[in-house]
Amino acid sequence: MSTTADPLAALGALPGVPEAVDSVRKAVDRVYGHRVMRRRSNEITAEAALRGARGSAALSGADWALEEVRRRTDFSIDAESRTVGAALRLTAEAGQLLSIWRQSPLRVLARLHLVAAGGAGVSDELVGRPRLAGEPVDEPLVELRLPSAGEVAGRLEGLSELIIAGGSAPALVTAAVVHGELMALRPFGSHNGLVARTAERIVLIGSGLDPKSVCPAEVGHGELGRAAYVAALDGYASGTPEGMAAWIAHCGRAVELGARESTAVCEALQRGAA
């Protein structure tokens with residue numbers, strides 16, 4: 001990341017990023033301007049949460065049909081169902097942590113991991129804390145270099161300081177960096193992808209860009225697919241301006257697709273078809 005006083009703002013000025021930020025804002029505004037949002041926003045929020053959880057779980061290896069996620073009540077049968085259950089729990093938890101995020105992001109991340117991993121067959125001593133030296137990481141769908149526990153601790157502290165300090169960076173940039181940094185670090189022994197995408201959601205809601213949480217980036221990440229996700233993450237991990245800009249643009253496209261999904265839900269409700 002940049003070494004300027006406001007490194008996130010500097011990332012916001014990278015080539016292509018201002019255009020991505022503007023495109024996201026327009027997509028979000030279209031959803032919030034829909035007439036259905038004025039009367040039935042709670043329904044849109046609930047549906048976005050379900051679809052976002054489904055998209056996040058798909059990227060973590062549990063690619064279920066939406067109706068299966070909607071129908072299922074037991075999420076303890078096997079690894080895939082536990083992944084879907086964890087994604088649903090995290091989505092529900094995200095809204096409860098907004099007030100804590102800006103003061104103590106590391107506390108929120110620990111809580112998210114506890115929610116994701118609790119009851120998922122993960123040893124209690126590994127839940128809710130960053131991994132220690134020598135501890136393995138179960139994140140098979142991500143093949144980036146795994147930083148040491150010492151590097152993880154230092155970079156998490158740096159990320160926390162950036163969030164607490166605030167700044168002038170657009171919400172998309174901050175959300176993309178939080179997401180990308182957590183995926184690059186994989187600070188926990190498991191469920192890092194689910195936690196990272198939930199943290200992205202928290203930033204987008206808490207920043208005021210998507211206060212009603214109706215533009216689930218997880219939907220877009222899932223729709224864009226694992227190959228594109230991993231390639232964009234490689235760009236972030238490279239630390240180059242081009243790679244960082246490509247990752248931010250990828251996250252922007254994911255938010256736009258989430259907004260499009262909720263717009264379609266609004267249209268369906270308006271037609272009386274949902």
Side-chain angles (χ1 to χ4, degrees), residues 20 24 27 48-70 72 75 78-91 94 112-113 116-117 120 122 136-147 172 175-204 215-240 242-262 264:
V24 164
L50 184 73
R51 294 178 185 226
R54 193 216 72 81
S56 190
L59 281 178
S60 287
D63 191 1
W64 288 13
L66 178 63
E67 291 311 312
E68 177 66 12
V69 178
R70 198 189 304 278
R72 186 73 69 91
F75 295 98
D78 52 28
E80 282 198 5
S81 62
R82 287 193 292 271
T83 295
V84 175
L88 289 166
R89 292 194 302 273
L90 285 171
T91 300
L112 291 176
H113 187 251
V122 179
V137 174
D138 180 16
E139 202 72 45
L141 300 181
V142 178
E143 300 171 354
L144 298 172
R145 178 188 71 86
L146 188 66
L172 171 64
V177 168
V178 166
H179 183 170
E181 191 71 355
L182 292 174
M183 290 305 293
L185 294 178
R186 280 145 294 159
F188 302 107
S190 64
H191 299 86
N192 289 287
L194 295 176
V195 168
R197 291 184 288 276
T198 305
E200 179 184 41
R201 171 186 283 265
I202 288 172
V203 174
L204 293 171
C215 303
E218 305 97 318
V219 167
H221 287 303
E223 186 172 334
L224 291 168
R226 178 183 172 238
Y229 185 71
V230 171
L233 274 173
D234 284 343
Y236 177 87
S238 75
T240 65
E242 296 80 9
M244 299 288 281
W247 169 248
I248 294 167
H250 181 87
C251 290
R253 182 59 180 152
V255 176
E256 289 182 56
L257 289 171
R260 186 181 71 179
E261 185 92 351
S262 286

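Inter-residue side-chain proximity for V203 and V177 is flagged as unmet; no heavy-atom pair is nearer than 4.5 Å. For the pair S262 and C215, the minimum side-chain heavy-atom distance is 4.5 Å or more. Within the 4.5 Å cutoff, the side chain of H250 has heavy atoms near those of the Y229 side chain.
The distance from the CG atom of L141 to the CG atom of L233 is 11.5 Å, given to the nearest 0.5 Å. Atom-to-atom distance recorded for L194:CG and L59:CG is 9.0 Å, nearest 0.5 angstrom. Atom CG of D63 and atom CZ of R54 lie 5.0 Å apart (nearest 0.5 Å). Once rounded to the nearest 0.5 Å, the distance linking CG of L112 with NE2 of H191 reads 12.0 Å. If you take CG on D138 and CG on N192, they are separated by 9.5 Å, rounding to the nearest 0.5 Å. Remark: R253 CZ to L224 CG distance equals 7.0 Å, nearest 0.5 Å.
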Worked verdict on S190 versus H113 for side-chain contact (heavy atoms from CB on, under 4.5 Å): CA-CA 8 Å; S190 64; H113 187 251; 3.4 Å; yes
Check against side-chain contact (heavy atoms from CB on, under 4.5 Å), V84 and R72: CA-CA 10 Å; V84 175; R72 186 73 69 91; over 6 Å; no
Worked check of side-chain contact (heavy atoms from CB on, under 4.5 Å) between V142 and V230: CA-CA 7 Å; V142 178; V230 171; 5.6 Å; no
Trace of the side-chain contact (heavy atoms from CB on, under 4.5 Å) decision for V178 with I202: CA-CA 10 Å; V178 166; I202 288 172; over 6 Å; no
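Residues A217 and L204 come closest through the heavy atom pair CB-CD1, 4.2 Å. Between C251 and L172 the shortest heavy-atom distance is C-CD1, 3.9 Å. Closest heavy-atom contact between L144 and A184: CD1-CA, 4.1 Å. Scanning all heavy atoms of the two residues, the minimum distance from L257 to V219 falls at O-CG1, 4.4 Å. Across every non-hydrogen atom of A27 and E256, the tightest pair is CB-CG, 3.9 Å. Closest approach of A94 and T198 over heavy atoms only: CB-CG2, 3.9 Å.
Aromatic ring pairs are classed by plane angle as parallel below 30°, tilted from 30° to 60° and perpendicular above 60°; the pair W247 and H221 is parallel.
When atom types are taken as modelled, the side chain of S81 and the backbone of D78 share a donor-acceptor pair closer than 3.5 angstrom. A side-chain donor-acceptor contact under 3.5 Å links R186 to the backbone of R145. Between the T83 side chain and the A79 main chain, a donor and an acceptor come within less than 3.5 Å of each other. Under a 3.5 Å cut-off, the side chain of R89 and the backbone N or O of A116 do form a donor-acceptor pair.
The pair E261-R51 meets the salt-bridge criterion, since a charged nitrogen lies less than 4.0 angstrom from a carboxylate oxygen.
Considering E181, H179, M183 in turn, E181 is the only one that fulfils the side-chain contact (heavy atoms from CB on, under 4.5 Å) rule with Y236.
The closest side-chain donor-acceptor pair between S60 and R197 falls under 3.5 angstrom.
Residues passing the side-chain hydrogen bond (donor to acceptor under 3.5 Å, both in side chains) test with E242: none are found, sequence neighbours excluded.
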